2 protein chains.
Amino acid sequence: MLNADETEAAGDSLGGSGLAARLYDDLTRAILAGTLAPGEKLSEPAIARSFGASRAPVREAIRRLQERGLVTYAVNQGARVAQPSAAEFLALLDVREAMEGMAARLAATHMEASEVATLEALVAGHRGEIERNPLGAYLQDDPETDFHRRIARGSGNPILADLLCEQFYPRLRLCRRLHRTVQGRGREAWREHLRITEAIGQHDGELAEILMRRHIRAARAALQTALAAP
Amino acid sequence: MLNADETEAAGDSLGGSGLAARLYDDLTRAILAGTLAPGEKLSEPAIARSFGASRAPVREAIRRLQERGLVTYAVNQGARVAQPSAAEFLALLDVREAMEGMAARLAATHMEASEVATLEALVAGHRGEIERNPLGAYLQDDPETDFHRRIARGSGNPILADLLCEQFYPRLRLCRRLHRTVQGRGREAWREHLRITEAIGQHDGELAEILMRRHIRAARAALQTALAAP
DNA sequence: CTTGCTTATGGTGTCGACAATTTTAGCCGA
DNA sequence: TCGGCTAAAATTGTCGACACCATAAGCAAG
C-alpha cells in the first residue's frame, strides 16, 4: 500500500525529527505520486498499522495535510485525499498569479548575482529537455516547479516562500494529476521563463512581476480552454 | 468543494462541533486579546486542565495555531505564542499587498450589487468613527479588517478568502499588538477605502487592484518609517 | 425482488498512561 | 556570593483503550 522511501530527493520535505514529521512527508509523497488516489479514504488505524506506529502521530500528519489542502476532512467521517475541482484549480492559479508576481518582483531586487546565475543555468538546462520533448508538458513534474521554487526562495520573503513551496506547489501537483494539464505550451513557457530571468537579472522588479503574472495567466488560460473543449 | 458559510458572528472562528475546534477558537481569541502574551509558553497539560479536557484535543488545536503562524514550535520544547519580528510584519504586508490586490480585482467583477451596497454602507458607517476619533488608528481592531474581509469574501475565490481571513488577518492582529502601528492615518485610509469601493462598484478590476495595492503599500511605508524613528 | 429496519462492523474523538527529554530546583565547591 | 554539577519535577512524544458515530451487512415485510 505505502512504500516508505526515505530519500527526500523530491524536494518539499520539512522533515522534522519526529515520527509525525516523517509520516507527513511519506503521506505527502504518496499522495503526490498517486499511490494514494484522490478521493481515497485515509483510515487512521490502517495507516498506523502499515507504519508500525500509533494513531496519534498519524492523526497529526493527516491534520497537517488537511491544513495544506491535500486532504479533505469531515467531522466523524475522517479524511480523504483531496479531489480538487477544476474550479478550485483555477482559483488556485489566480492566487498563484498574485503571489508569484510579488515573488518575482522581490526576487529582482533581492537575489544575489550568484543566485541569478544558478537560475540562468537552470533555465539553460531546461532548454535541452524541451528540445528532446517539444510537446511535453514542461511542467509535468519538477523542472518547471524548480524554477518557480527558486524564485520564491529568492524573494527573500520567508512567508511568501513557504506559502508557495509548502502549500501551493504540492496542491498544484495534485490538481495537475487530476485535470490533465494542457500539453504543448512547453516551448513558450520556456521562453517566458527566460524573459523573467532576464528581468530579474537586470533588477527590474516591475517588469519581472508583469512577466511572471502573464506567464501564469497564460497557463491558466490554456487550462481553461483545455477544460472547455475536451 | 469548499463551503464558506459560517454561523459565527464575530469573525474568524471556524468553530466545528468538535472539542478541538472550540479549543482552537478559544486559544486564538486568547492570543489575539493578549490574555496569552507573545512569547508565553503554552503548556499542554496546563491548558488541558484549565479546560477540563485531555491533552489530545489541546495538542491538535496548538498544532493548528502553529500552522496559522500564531504559535511557534520547537521539537521537544513545546509551543510558545509567536513573537513576530518587525521584519516578519513587513514581509506579511508584502504578501498581503499581492493577495488583497488580487482580491479587489476579482471582487470588482464578482460582487453582486447588494454586496457592493453593504460594502458602501460599511465605509459610510466608518466615517462617523473617524470623525469621532480622527487620530485613531482606524485599523485598531476590526472596523478596518471588516472592510478587507468583506472584499476577500467578495472575490468569489474561496482559497484566497480563506487564506486572508483565517491566516493573514489574525497574524496581522498579533503583529499590530507587538509593533505599535502608526496612528493618524485613519482619515487617509478611509478615503482610500472609499475609492476602492467606488472602483469595485464600477466593476473596474484593474483600478481596484491598483488602489488596493497602494492602500496597503502606504500602510506598510507608514509602518516602516514609524519603526525607523522612535 | 425490492424496500425499510435492525444489527454488526469499523472508524473517529477523546482519554489516561508511560518512556524520553527538557527544564527547574537544590547542592556542592570555589 | 557565584558558577557548575546532580537530582527532581514537569513536559513532550507516543501508545493503547473506550465511548460514540457512521457506514455496511443482514433480515423481515411487502
Side-chain angles (χ1 to χ4, degrees), chain A residues 1-2 4 6 13-28 30-31 35-83, chain B residues 1 3 13-28 30-31 35-83:
Chain A
M1 175 150 66
L2 294 177
E6 289 281 344
S13 132
L14 268 179
S17 63
L19 181 54
R22 179 160 44 230
L23 282 173
Y24 170 77
D25 282 351
D26 288 342
L27 288 177
T28 301
I31 291 175
T35 313
L36 292 168
E40 188 173 342
K41 182 128 202 308
L42 291 182
S43 163
E44 292 174 7
I47 296 176
R49 274 191 298 275
S50 91
F51 278 91
S54 154
R55 271 183 56 211
V58 174
R59 239 181 119 73
E60 189 173 319
I62 292 182
R63 296 313 262 261
R64 240 165 89 189
L65 288 170
Q66 178 207 2
E67 215 67 30
R68 305 286 168 94
L70 290 182
V71 311
T72 60
Y73 222 90
V75 190
N76 276 325
Q77 242 169 305
R80 311 189 89 90
V81 179
Q83 268 180 317
Chain B
M1 220 167 284
N3 62 352
S13 126
L14 271 179
S17 63
L19 180 53
R22 180 160 43 232
L23 280 173
Y24 170 76
D25 282 353
D26 288 343
L27 288 177
T28 301
I31 291 175
T35 312
L36 292 168
E40 189 172 343
K41 179 127 204 306
L42 290 182
S43 161
E44 292 174 7
I47 296 176
R49 272 191 298 274
S50 90
F51 278 91
S54 154
R55 272 181 56 211
V58 174
R59 242 181 115 75
E60 188 172 319
I62 291 182
R63 295 315 263 259
R64 240 165 86 191
L65 286 171
Q66 178 206 2
E67 216 67 30
R68 305 285 169 95
L70 290 182
V71 149
T72 61
Y73 220 91
V75 188
N76 276 326
Q77 244 170 300
R80 310 188 89 89
V81 178
Q83 268 180 317

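It should be emphasised that the depicted structure is a prediction, and the values quoted were computed from it without experimental measurement. All chains are named by letter (A, B, ...) in the order of the sequence lines, taking the proteins before the strands, and each is independently numbered beginning at 1.
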Item to check | Spacing between A:Glu60 atom CD and C:dT12 atom P, to the nearest angstrom | outcome: 16 Å

Next on the checklist: Under a 3.5 Å threshold, yes or no: a donor from one side chain and an acceptor from the other, between B:Tyr73 and B:Arg80?
Outcome noted: no

Checklist entry - Between A:Phe51 (CZ) and D:dT14 (C1'), how many Å, whole number? => result 16 Å

Checklist entry - For B:Gln66 and D:dT12, what is the distance between atoms CD and P respectively, to the nearest whole Å? => result 13 Å

Next on the checklist: Does a side-chain N or O of A:Ser54 approach OP1 or OP2 of D:dG16 to a distance below 4.0 Å, or not?
Outcome noted: no

Next on the checklist: Checking contacts here: which listed nucleotide (C:dC15, C:dT12, C:dC18) is nearest the side-chain heavy atoms of A:Asn76?
Outcome noted: C:dT12

Checklist entry - Do any side-chain nitrogens or oxygens of B:Tyr73 fall under 4.0 Å of OP1 or OP2 in D:dT11? => result no

Checklist entry - Distance from A:Ile62 atom CD1 to A:Glu44 atom CD, nearest 0.5 Å? => result 5.0 Å

Item to check | Proximal nucleotide (of C:dG11, C:dT14, D:dT23) relative to the A:Gln77 side chain | outcome: D:dT23

Checklist entry - Side-chain donor or acceptor of B:Arg55 under 3.5 Å from a matching atom on the base of D:dG13? => result yes

Item to check | B:Ala20 or A:Ser43, whichever maps to the more 5' nucleotide of DNA chain C | outcome: A:Ser43

Checklist entry - Quick one: is B:Lys41 getting a side-chain N or O under 4.0 Å of the C:dT22 phosphate, OP1 or OP2? => result no

Item to check | Spacing between A:Ile62 atom CD1 and C:dG13 atom C1', to the nearest angstrom | outcome: 13 Å

Checklist entry - When rounded to the nearest 0.5 angstrom, what is the spacing between CG in B:Leu23 and CZ in B:Arg64? => result 10.5 Å

Checklist entry - At what distance, to the nearest 0.5 angstrom, does OG of A:Ser43 lie from CZ of A:Arg55? => result 8.5 Å

Checklist entry - Hey, does B:Leu42 reach any base, or is it just sugar-phosphate, or nothing, if we go heavy atoms under 4.0 Å? => result sugar-phosphate

Checklist entry - From A:Leu65 CG over to A:Thr72 OG1, what is the distance, rounded to the nearest 0.5 angstrom? => result 11.5 Å

Checklist entry - Rounded to whole angstrom units, what separation is found between the CD1 atom of B:Ile47 and the C1' atom of D:dA10? => result 15 Å

Checklist entry - Whole-Å distance between D:dT14 C1' and A:Arg22 CZ? => result 13 Å

Checklist entry - Does C:dG13 have OP1 or OP2 sitting under 4.0 Å from an N or O in the side chain of A:Arg59? => result yes

Checklist entry - For the pair made of CD in B:Glu44 and C1' in D:dT12, what is the distance, rounded to whole Å? => result 6 Å

Checklist entry - Which residue, B:Gly78 or A:Pro57, contacts DNA chain D at a nucleotide closer to its 5' end, judged by nearest heavy atom? => result B:Gly78

